[in-house]
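Heads up: the structure comes next, in structure tokens.
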Amino acid sequence: MNKIGFNVLAWTAAVSDDLFPIIERLKTIGYDGVEFYLGPQEAAAYQRMGSFVKDLGLETTAVMTLGADENPVSESAEVRQRGLDKIKWAVDRAHDLGSKVICGPFHSAHTIFVNRPAEDREYALAGEVLNAAADYAAQANITFALEALNRFECYLCNTMEQLLKLVKAADHPNVRAMFDTHHSNIEEKSYLGGLQTIAPVLAHVHISENDRGTPGTGQVKWDDAFAALAAIKYDGWLTIEAFSRNDPGFANAIGVWREFNEPWDIAENGYKFIREMGLKHGL
């Protein structure tokens with residue numbers, strides 16, 4: 001069975017000791033690992049968290065985003081350098097956590113648009129930044145799992161076809177891809193088609209309902225998704241990513257204006273759902 005993880009963004013974007021009891025309960029539910037957002041906390045907070053999670057017998061993965069002043073596809077070399085520096089900083093924090101995967105849309109700045117489709121030169125710019133960052137990540141045995149987002153959050157990579165183009169532009173063994181059922185529910189023609197396209201470089205999967213609530217309670221075609229994952233013989237993480245307004249600052253930044261499901265409902269019933277679907281489809 002694939003390892004099952006839970007992204008604690010359902011509670012908070014901050015890495016702090018306040019998460020310790022939540023992580024202990026996630027362990028009792030049966031999760032194999034926990035995913036953290038790489039935010040502005042000091043290295044010591046990440047180190048304490050990494051030690052705590054390891055002592056519980058859990059693993060970690062990490063997720064990050066970039067802002068307008070650190071955009072890898074900016075025309076400004078100075079801005080691109082800040083993007084590279086931020087990714088390297090994130091590698092250090094992921095290493096503090098003990099994570100081997102950093103996922104997310106850090107190929108470009110989140111929700112920053114230029115009122116036109118992406119251009120080849122932008123894939124080249126992003127690829128150059130990611131290649132350099134991946135050299136640094138390789139020293140810590142960390143893999144980048146880049147994420148395609150829906151058209152309302154990103155213009156560079158919406159589909160697995162575009163994401164594969166970007167991974168090829170980065171041209172580094174530590175630059176791979178992730179698949180998110182929420183974004184693909186909007187942008188792909190089918191789960192099977194999208195997963196077959198990205199399968200050669202797939203390193204991480206987010207399990208996320210169409211409304212960002214409890215997996216299995218919405219409109220995502222879950223049988224199609226899990227059957228497609230089984231068809232490509234995916235054996236990596238299945239990590240739930242769901243959101244709430246528990247952290248108002250983060251919720252405002254990603255456009256979460258209402259509650260979807262209570263976080264423990266998502267964690268408990270989402271875990272059961274993934275187990276059931278995994279067994280059903282032979283993952």
Side-chain angles (χ1 to χ4, degrees), residues 9 13-15 36-47 61-97 99 101-159 162-178 183 201 203-204 249-250 252-255:
L9 281 170
V15 173
F36 298 93
Y37 182 76
L38 300 175
Q41 292 76 46
E42 295 297 322
Y46 287 90
Q47 292 161 0
T61 58
V63 60
M64 71 170 296
T65 58
L66 294 173
D69 61 348
E70 50 203 16
N71 190 355
V73 299
S74 171
E75 296 288 344
S76 166
E78 181 180 353
V79 171
R80 296 197 303 274
Q81 182 62 48
R82 284 200 294 268
L84 175 58
D85 293 342
K86 178 65 174 291
I87 299 171
K88 287 182 175 180
W89 174 90
V91 167
D92 290 340
R93 301 293 75 78
H95 182 64
D96 291 336
L97 285 170
S99 300
V101 172
I102 302 176
C103 66
F106 52 96
H107 43 65
S108 57
H110 185 240
T111 67
I112 300 300
F113 298 93
V114 292
N115 297 318
R116 56 162 172 74
E119 297 178 348
D120 287 345
R121 62 187 179 82
E122 290 171 301
Y123 287 94
L125 290 173
E128 181 179 351
V129 170
L130 291 164
N131 181 278
D135 276 342
Y136 188 75
Q139 300 174 55
N141 194 27
I142 289 174
T143 296
F144 297 154
L146 301 174
E147 181 177 15
L149 302 185
N150 68 73
R151 70 197 74 173
F152 308 109
E153 298 183 48
C154 172
Y155 75 96
L156 188 72
C157 285
N158 302 136
T159 67
Q162 292 173 313
L163 186 57
L164 182 60
K165 178 179 179 177
L166 177 64
V167 171
K168 289 180 177 179
D171 191 25
H172 196 289
N174 288 65
V175 178
R176 301 184 70 194
M178 71 165 288
H183 298 296
V201 295
H204 199 59
F250 183 78
N252 293 346
I254 61 171

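For the atom pair His204 NE2 and Met178 CE, the distance stands at 5.5 Å (nearest 0.5 Å).
Looking at His107, its side chain does come within 3.5 Å of a backbone N or O of Glu147 through a donor-acceptor pair. The closest donor-acceptor contact from the side chain of Ser99 to the backbone of Val101 lies at 3.5 Å or more, if one exists at all. Between the side chain of Arg80 and the backbone N or O of Pro72 there is no donor-acceptor pair closer than 3.5 Å. A distance-only check finds a donor-acceptor pair linking the side chain of Asn158 to the backbone of Cys154 [under 3.5 Å].
Closest of all the heavy-atom pairs between His110 and Ala253 is CE1-O, 4.3 Å. The heavy-atom pair separating Asn71 from Ala109 by the smallest distance is OD1-N, 3.1 Å. Across every non-hydrogen atom of Ile142 and Ala94, the tightest pair is CD1-CB, 3.9 Å.
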Salt bridge (charged side-chain N to carboxylate O under 4.0 Å, His left out) between Asp85 and Arg82, intermediate numbers included: CA-CA 5 Å; Asp85 293 342; Arg82 284 200 294 268; over 6 Å; no

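Checked against the 6.0 Å centroid criterion, the rings of Phe36 and Tyr46 do not qualify as a close aromatic pair.
Leu164 pairs by the side chain to side chain contact (heavy atoms under 4.5 Å, CB included) definition with Lys168, Thr197, Ile198, Val201, not counting sequence neighbours. For Glu119, the salt bridge (Lys or Arg N to Asp or Glu O under 4.0 Å) partners at least two apart in sequence or on another chain are Arg116, Arg121.
Defined by atom type and a distance below 3.5 Å, a donor-acceptor pair is present between the side-chain atoms of His183 and Asn150. Side-chain N/O atoms of Asn115 and Tyr155 include no donor and acceptor closer than 3.5 Å.
Side-chain contact between Phe106 and Val63 is absent, with no heavy-atom pair separated by less than 4.5 Å. With contacts defined as side-chain heavy-atom distances shorter than 4.5 Å, the pair Asn131/Val175 does not qualify. Side-chain contact between Ile87 and Met64 is present, with heavy atoms from C-beta onward closer than 4.5 Å.
Exactly one of Leu156, Leu146, Leu125 qualifies for a side chain to side chain contact (heavy atoms under 4.5 Å, CB included) with Ser108. That residue is Leu156.
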